Chemist: 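One structure is given below, represented as structure tokens, and several questions about it will come after.
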Number of protein chains: 2
Amino acid sequence: MIRKSPNEQSKLFNKKLVLQCIRTYQPISRAEIAGKLNFSKPTVSILVDELVQENWIHERGIGESSSQGGRRPIQLYFNEKAAYVIGVDIGGTKVKVAISDLSGNIICLRAFNTKKHLEQLMKMLYGEIFDMMEQSQIAEESVLGMGVGVPGIVETETGVVLEAPSLNWIRYPFLTESERYFSFPVYVDNDVNVAVLGEQWLGSAQKKDNVLFIAVGTGIGSGIIIHNQLYRGASYAAGEIGYLVTDKNDMKKEFKPIFHRYGYLESVAGGKAIGEKLTMAIREERNHPLYNDAITSELTGKQAFLLASEGDKIALQIVENALEHLAYGIINAASLLNPEVVILDGGVMKSADFILPRLQKIVQPYLPSSVGIHQSELGENAGVLGAISLFLREYDSILNAPNFC
Amino acid sequence: MIRKSPNEQSKLFNKKLVLQCIRTYQPISRAEIAGKLNFSKPTVSILVDELVQENWIHERGIGESSSQGGRRPIQLYFNEKAAYVIGVDIGGTKVKVAISDLSGNIICLRAFNTKKHLEQLMKMLYGEIFDMMEQSQIAEESVLGMGVGVPGIVETETGVVLEAPSLNWIRYPFLTESERYFSFPVYVDNDVNVAVLGEQWLGSAQKKDNVLFIAVGTGIGSGIIIHNQLYRGASYAAGEIGYLVTDKNDMKKEFKPIFHRYGYLESVAGGKAIGEKLTMAIREERNHPLYNDAITSELTGKQAFLLASEGDKIALQIVENALEHLAYGIINAASLLNPEVVILDGGVMKSADFILPRLQKIVQPYLPSSVGIHQSELGENAGVLGAISLFLREYDSILNAPNFC
DNA sequence: CTATTAGTTAGTTAATTTTATTAACTAAAA
DNA sequence: TTTTAGTTAATAAAATTAACTAACTAATAG
């Protein structure tokens, strides 16, 4: 007769705790784990032995005994090569794909053009990924799954992308589509949410339970971690910091709220808006060195910040106005959320040296001194690493994987 | 939470689940519980029998069998009179104390003047509570504990009130003091946090996991529930909606941020500010019916809204400006937090019929249609009920109580 | 300086306790 | 007779305690 254990999840739960403990405190001994988790020594021994059997951890070497003597401890290490995870960062211009080990070390990285393969995106993704796996000699069985960041609103429970303007997706059933190609589990979320998870895993927000991540790109978006959990909002609309109103009178004059998916703050401080304003301004200045560029095409937010930091007066004025709005946006958001850190990221942050001090000067008097404002640390690979982090989070524990040894 | 299978915690955990199940779905049978919780029938029977023994639940009557026959189920009911909880709402003018059963039915209610007993507040509280217990014939053993709401910043882990201007408390060790008088556990928190818990328990936010509660009184404060958990912030400063900046230019002209514990939004839309503005305005209008009152003393925010709803032009102008700021404050907060409901409360909400439609008109175009804006439902007893809810939450489960039967 | 011994810590083994399960029952209805 | 509610008895699994072995330090006697 098959009998269910008296609490199926219970042992697995404790095993996960032991693994988590080894992962964070490695190298660590069985005795130390027992102390930290308040488990008995035999329990730890059994769980550790199973974890070793399953190849999630390794015994390697022995530590020093304390000054008072005693048997020397056996060092346990997490086996970061026990399995691999795939991270995908779908952007408006390019799609980045990475395979990493369980510690976020990137094994293989590729990118392809979004627009060129938009019609066959999932197929292209499939091809690239299996090519990468072959190239890196990673077997399909050792791939736990995949995390994906998408520039739009994602219904995470169903994996449907409700809206992603830059990809022309409306109600695109990402998960259903991906299941036609991939046998491993896949998780999708908004790109900013993915980014803040990445920052908390490997970047500026490590060990922080309450994080506000602001991305200033074309528009302005934010990702919120509260109580160590991603907060997506009641209808996937939390963190719409681009919708903040920092000057209601100016807003009533200049802004039409009928625009869907475009808020006031982005209309005055978003990269696109800054670029447009700069373009317009320079078109009226025949002597400006960029006059011709401005006539032929639009200038970008990035260029505006670059010019400003070089001392260009027109750019400086536009940029400082935008920064002031952004600063009050941060003040508003931080007043409500009281995070431990505010992390800034996005295209315009290339000029962080110019931006951060100016923001800080305005923001500082209004916030508790404990709130730090920092730049994103992950840089280029933030997107894919965040996607990998999303997978690891949602998957809850690598221990859910079928044993593969 | 650590669950070790064959030790105390695991069984207790399951027992709590069963009790919770009965509490929410009563009347309910053993068989139904087994189905809902995916427990075996014997397990449920054992846990239920223990709960009956311990007097937390009752067997009462038998239900109907299904149309296909079968033995009729024994109905189980939660015993809301199994224990009692004390709620205390400390306000600037009066302290309200209530004893309620486990369902929030108030058994006994009293109030006393805050200022008069401020020096001996804890002693006074002690006297009143034990008098109430005697009067209601409630034994000390059946009192689980006490929840307290305080108008100030509270370090909830230690129970120290960091700052409560209206009580002249600075770093007042509430919990340490209370332990000198009360043998049962006590939990303290900020009054707005307490209020939102109350609303979620018995008011407008029942069954909502993400709630924004805004109290417009002298100042403006808010309480935030996210993922069904109170969010206090990294340094107990979350929800400072009174600090929002809704008009940065006006702010730079009119407002000095050096003021501690007083924000821009309260300075333009708080009850005190509205009262002051109205007073000033009427002092310049010799013919106004309230001219003499305004000369001799300050008018209040409540009065301003009353006058405005009666059509007084001066009041109307002041109040509508304030409401506009408040509306943009709500827009900002809701854009970031994307709550399921926004609940408004506080002194000025006496004129809710006047206020709500006006707010809604401004706010609606900017928020997802799913976000409802409602008035607080608990009214007079919101404070004490919230405090009781705080206790029941923090205490996690009434099952932690020592058995008393 | 070496050998012995006492004390300390790491980890294992064996017996036991607790919990929840399955299988098989009784009870009571259509 | 069939169906559902609830109980009883036997059993499996997880984690415990107690007692062990293993391996070390440090003190001390010779």
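The sequence lines fix the lettering, A, B, ..., with proteins before strands; numbering per chain opens at 1. What you are looking at is a predicted structure, and each value in this text was computed from that prediction instead of being measured.
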Chemist: Tell me: CD1 of Ile33(B) to P of dA20(C), nearest whole Å?
Modeler: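 Roughly 14 Å, once rounded to whole Å.
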Chemist: Measure the distance from NZ on Lys11(B) to C1' on dA13(D) and round it to the nearest whole Å.
Modeler: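 Result: 17 Å.
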Chemist: Is any NZ, NE, NH1 or NH2 atom of the basic residue among Glu59(B) and Arg30(B) found under 4.0 Å from an Asp or Glu carboxylate oxygen of the other?
Modeler: yes
Chemist: Could you check how far NZ of Lys15(A) sits from P of dA13(D), rounded to whole Å?
Modeler: 14 Å
Chemist: Take atom CD of Glu50(A) and atom P of dA14(D), then tell me their distance rounded to the nearest Å.
Modeler: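 These atoms are roughly 8 Å apart.
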Chemist: What's the shortest heavy-atom distance between Leu230(A) and His227(B), and which atoms?
Modeler: O-CE1, 3.2 Å
Chemist: Hey, is the main chain of Met133(A) close enough, under 3.5 Å, to the side chain of Ser136(A) for a donor-acceptor pair?
Modeler: no
Chemist: Using a cut-off of less than 4.0 Å, is there contact between a side-chain N or O of Ser40(A) and OP1 or OP2 of dA15(D)?
Modeler: no
Chemist: Any side-chain N or O of Asn14(B) below 4.0 angstrom from OP1/OP2 of dT19(C)?
Modeler: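 Answer no for this pair, as no side-chain N or O of Asn14(B) is under 4.0 Å from OP1 or OP2.
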Chemist: Check for a donor-acceptor pair, side chain of Asp209(B) on one end and backbone N or O of Ile226(B) on the other, with a separation under 3.5 Å.
Modeler: no
Chemist: Could you pull out the protein-nucleic contacts involving nucleotides 9-13 of chain C (nitrogen or oxygen on both sides, under 3.5 Å)?
Modeler:
| residue | atom | partner | partner atom | Å |
| --- | --- | --- | --- | --- |
| dT9(C) | OP1 | Gln68(A) | NE2 | 3.3 |
| dT9(C) | O2 | Arg71(A) | N | 2.6 |
| dA10(C) | O4' | Arg71(A) | O | 3.4 |
| dA10(C) | N3 | Arg71(A) | NH1 | 3.3 |
| dG11(C) | OP1 | Ile74(A) | N | 2.6 |
| dG11(C) | OP2 | Arg30(A) | N | 3.1 |
| dG11(C) | OP2 | Ala31(A) | N | 2.9 |
| dG11(C) | N7 | Lys41(A) | NZ | 2.5 |
| dG11(C) | O6 | Lys41(A) | NZ | 2.9 |
| dT12(C) | OP2 | Ser45(A) | OG | 2.2 |

Chemist: Starting from C1' on dA5(D), measure out to CZ on Phe39(B) and report it in whole angstrom.
Modeler: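 So the two atoms are 19 Å apart, to the nearest Å.
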Chemist: Examine distances only and state if a side-chain atom of Glu340(A) and a backbone atom of Ala234(B) form a donor-acceptor pair shorter than 3.5 Å.
Modeler: no
Chemist: I want to confirm an ordering. Mapping Thr43(A) and Ile62(A) to their closest nucleotides on DNA chain D, which one lands closer to the 5' end?
Modeler: Thr43(A)
Chemist: Rounded off to whole Å, could you give me the CG-to-C1' distance for the Leu17(B) and dT19(C) pair?
Modeler: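 In whole Å, dT19(C) C1' and Leu17(B) CG are 15 Å from each other.
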Chemist: Kindly assign one of parallel, tilted or perpendicular to the pair Phe130(B) and Phe182(B), based on the angle between their ring planes and the thresholds 30° and 60°.
Modeler: parallel
